[in-house]
Amino acid sequence: MIAVRKLPARYAPIVMPLVLSILMTAVVSIISTLRSLGPTPAFLASWPGAWALSWLVAFPTLLVVLPMVRRIVACLVAPSPQPGQ
């Protein structure tokens with residue numbers, strides 16, 4: 001196996017929305033572009049631009065919105081029981 005050097009834990013608040021925004025915008029833009037153009041050569045030419053634009057909006061939005069989402073989830077979900085209690 002190839003040993004991959006991991007980032008320090010302090011980068012998690014940036015890496016998580018980065019990965020989430022990449023995956024989600026890829027899926028949504030593929031579906032949207034396929035629905036608009038169909039499986040044609042135009043799809044292959046159009047999708048990368050559609051994905052890039054949607055990612056440019058989604059990543060900064062996630063950075064701003066994610067703390068609020070975590071607070072909302074904390075209000076809606078019971079905390080997990082602590083070991084020994």
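- In this structure, CG on Leu34 lies 10.5 Å from OG on Ser46, to the nearest 0.5 angstrom.
- The minimum heavy-atom distance between Ile30 and Phe43, with the atom names listed, is O-CE1, 3.9 Å.
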Determine, step by step, whether Met16 and Leu66 satisfy the side-chain contact (heavy atoms from CB on, under 4.5 Å) criterion, reporting the C-alpha distance in whole Å, the side-chain angles of both residues, the deciding distance to 0.1 Å, and the verdict. CA-CA 10 Å; Met16 198 280 284; Leu66 205 51; 3.1 Å; yes
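- A continuous path of ILVMFWY side-chain contacts below 4.5 Å connects Ile22 to Phe59, so both sit in one hydrophobic cluster.
- Through side-chain heavy atoms spaced under 4.5 Å, either directly or across other Ile, Leu, Val, Met, Phe, Trp or Tyr residues, Val28 is tied to no other residue.
- Clustering of Ile, Leu, Val, Met, Phe, Trp and Tyr side chains at separations under 4.5 Å places Leu7 together with Tyr11, Val15, Val19, Leu23.
- There is a path of hydrophobic side-chain contacts, each under 4.5 Å, that joins Leu63 to Leu56.
- Residues in residues 53-73 take part in these side chain to side chain donor-acceptor pair (under 3.5 Å) pairs, two or more places apart or across chains: Ser21-Trp55.
- With sequence neighbours excluded, no residue satisfies side-chain contact (heavy atoms from CB on, under 4.5 Å) with Val64.
- For Met24, the CE atom sits in a loose shell: 12 or fewer heavy atoms of surrounding residues, nucleotides or ligands are nearer than 6.0 Å.
- For residues 23-33, the pairs satisfying side chain to side chain donor-acceptor pair (under 3.5 Å) are Thr25-Trp51, Ser29-Trp47, with sequence neighbours left out.
- Alongside Ile2, the hydrophobic cluster contains no other residue (criterion: ILVMFWY side chains under 4.5 Å).
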